[in-house]
Amino acid sequence: MGIKLLKGWRPFAVLLLLFIVWEISVKTAGVPEWLLPAPIHIGSEAYAGWAGFSPHLVSTVKLAMLGFFIGSSIGLLTAIVLHLLPTIREAIYPLLILSQNIPIIVLAPLLVIWFGFGLLPKLIVITLVCFFPITVAALDGFKQTAPELKHYMIMAGATRGQLFWKLELPYSLPSVFSGLKISATYSVMGAVISEWLGAKEGIGVYMTLASSSFRTDRVFVAIFAIMLLSLLFFAVIMLAERRLVRWTNERSEKQ
Amino acid sequence: MSHLQITKLSKQFSGNVVLREFDLTIEEGEFVSILGPSGTGKSTIFHLIGGILAPDNGSIQLMGKEINGKRGFISYMPQTPSLLPWKNILQNVLLGQELHGKKDPERAMDMLKKAGLEAYEKAFPNELSGGMKQRAAFIRALLSPQSMICLDEPFSALDELTRLEMQKWLLSIWEEYRRTVLFITHNIEEALFLSDRIIVLSEKPAKVKAEFNVPYLRPRNESLLLTDDFLKWKRKIHYALTGGPNE
């Protein structure tokens, strides 16, 4: 842990340096605040405007978490079905890839037309960006199951179901978690985009309001909030992974 | 009734004949080794018995019941320990039972104790040495509910000293439980030391080239390995295997 903390200071130092350069250049060049606010100004706005901002933050966190949960469940379920039914996999897999090529920005207004301004179109947007990394990661994980373990299970008479639940699924957990980590960070972005469609509150709403009234400092507060949220989601998934998957080291060194 | 009876078993892979009219009979409680150079159909025989492959011809009968192409009738120990990395040793040795019904952790603990693994029941496979992993894998095979155990070159990946340790250990455990064992190896000494009967396979297509009844009484111990008689037998089997000068 101590070593990790020591290593962790480097990105912070770079970040700090970046902020300092930013602050100094804005101040010396005399850039107006509505064009590019200085970091200290953004910080004080975040502090002063916290009461107004926090309900938006909470709303986005809730939306992102719900969307992430639904999206990853659907993603994992899709992977399981596609893995167990190879003929369906061949038919569906290309469509899944295509689904990722639909520009969300174009799709989102359509979803509002179809489903209104409620929760549903927002969840669809988040699910669309969340499920794919998990499906791909889980499918790869299932496929990469160590052949010698599979051979043992088959020789020992495991049924198709046993082979999946007792071997392939637990073996794929590290892969599933790398998918979850990507999706967790996407889910925050997905939530913000879905809020642009029209919502009462949320970071997306706050952001649109701020930018249309030239409150650039608030736009930056929102940007940093999104970044921090993504990091936080990522960290939570990483902690969960560390508790659930204790055997990744062994996998890399092989039996 | 014989425990396992294989008659006129043939198998070919896209024209490449691996096994032709292979016959083998194993009695209940017998320890039989199949000896053959690598690349012969040794593993194919196991895959056929295990039901992963279906034979082109012939029949495999276990206790008088045909098991051609049916899985789950034998207990198996592969070349690599193949323990599941996320299960601890106790859970791992119970895996064979888990696949076919009820688990018996007490008996498993008992056997782990006999294998000198009682301190490792909660340990994960990556914390164990190669020999310990193989012991756990063998206990898993012993605990599996099927009556016949098939061992596929289980010690070939171990170093010489560990291998001898493992052979002695296997022998002591087996002499206590007397399960029917079919053992595949390419090591003459190992086959002689462990088994009641040795089947020597020919090159492809694999056929029974020679068969030896090993005369040594049980329990056997290590000193047997260096007796003149043992070396004489070793020579004899070596010649049978390589087709060298007959006696």
Side-chain angles (χ1 to χ4, degrees), chain A residues 76 79-80 83-84 86 134 137-138 140-181 237-255, chain B residues 43 45-53 62 67 69-88 91-101 122-130 133-134 136-137 140-141 143-146 148-152 154 157 184:
Chain A
L76 196 59
I80 292 173
H83 176 68
L84 293 180
I134 294 173
D140 274 351
F142 297 150
K143 221 191 287 170
Q144 279 161 11
T145 308
E148 73 270 13
L149 295 180
K150 213 165 160 179
H151 180 238
Y152 168 76
M153 293 292 276
I154 293 173
M155 277 296 272
T159 60
R160 187 70 191 87
Q162 284 173 327
L163 191 68
F164 178 73
W165 292 109
K166 292 187 193 298
L167 179 66
E168 288 171 333
L169 185 66
Y171 200 93
S172 72
L173 270 187
S175 310
V176 170
F177 267 105
S178 23
L180 283 177
K181 276 185 251 179
I237 301 292
M238 218 164 73
L239 280 177
E241 180 182 17
R242 223 174 269 169
R243 300 210 62 178
L244 279 168
V245 186
R246 280 164 297 186
W247 52 278
T248 19
N249 299 336
E250 205 232 5
R251 191 182 175 191
S252 51
E253 85 191 34
K254 207 94 176 125
Q255 278 201 332
Chain B
S43 291
I45 295 173
F46 263 13
H47 293 166
L48 287 164
I49 298 172
I52 293 188
L53 297 171
L62 193 77
I67 56 161
K70 287 185 194 159
R71 298 194 290 115
F73 286 94
I74 54 148
S75 135
Y76 179 64
M77 175 173 177
Q79 226 163 51
T80 52
S82 306
L83 303 171
L84 302 187
W86 53 87
K87 284 183 184 261
N88 68 31
Q91 292 166 330
N92 256 304
V93 299
L94 285 167
L95 184 66
Q97 294 185 344
E98 192 181 323
L99 295 176
H100 298 283
K122 292 251 152 51
F124 289 89
N126 61 341
E127 300 165 48
L128 266 60
S129 70
K133 279 189 226 172
Q134 280 298 25
R140 179 176 62 185
L143 283 169
S144 299
Q146 299 91 342
M148 199 174 99
I149 303 179
C150 291
L151 297 105
D152 188 359
I184 284 184

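Only this structure's heavy atoms are used, side chains among them; waters, hydrogens and symmetry mates stay out. Sequence lines set the chain letters: A, B, ... in the order given, protein chains first and strands last, and positions in each chain run from 1.
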Checklist outcome for this item: Closest heavy-atom pair, B:Leu95 versus B:Lys87, reported as atoms and distance to 0.1 Å, is CD1-CE, 4.2 Å

Does [X] reach the main-chain N or O of [Y] with its side chain, forming a donor-acceptor pair under 3.5 Å?
{"X": "A:Glu168", "Y": "A:Thr145", "value": "no"}
{"X": "B:Arg140", "Y": "B:Asn92", "value": "no"}
{"X": "A:Ser172", "Y": "A:Ser175", "value": "no"}

Residue [X] versus chain A: region with a heavy atom under 4.5 Å:
{"X": "B:Phe124", "value": "side chain"}
{"X": "B:Gln79", "value": "neither"}
{"X": "B:Ile74", "value": "both"}
{"X": "B:Phe46", "value": "both"}

Checklist entry - With a 4.5 angstrom heavy-atom cut-off, which part of A:Lys166 approaches chain B: side chain, backbone, both or neither? => result both

Next on the checklist: Is A:Leu167 in contact with chain B via its backbone, its side chain, both, or neither, using a 4.5 Å heavy-atom distance?
Outcome noted: both

Checklist entry - For the candidates B:Gln146, B:Lys70, B:Met77, B:Glu98, which exhibits the highest count of non-hydrogen atom pairs separated by less than 4.5 Å from chain A? => result B:Glu98

Next on the checklist: Please verify the inter-ring angle class for A:His151 with B:His47; under 30° counts as parallel, over 60° as perpendicular, anything in between as tilted.
Outcome noted: perpendicular

Item to check | salt_bridge(B:Glu127, B:Lys122) N-O dist < 4.0 Å | outcome: no

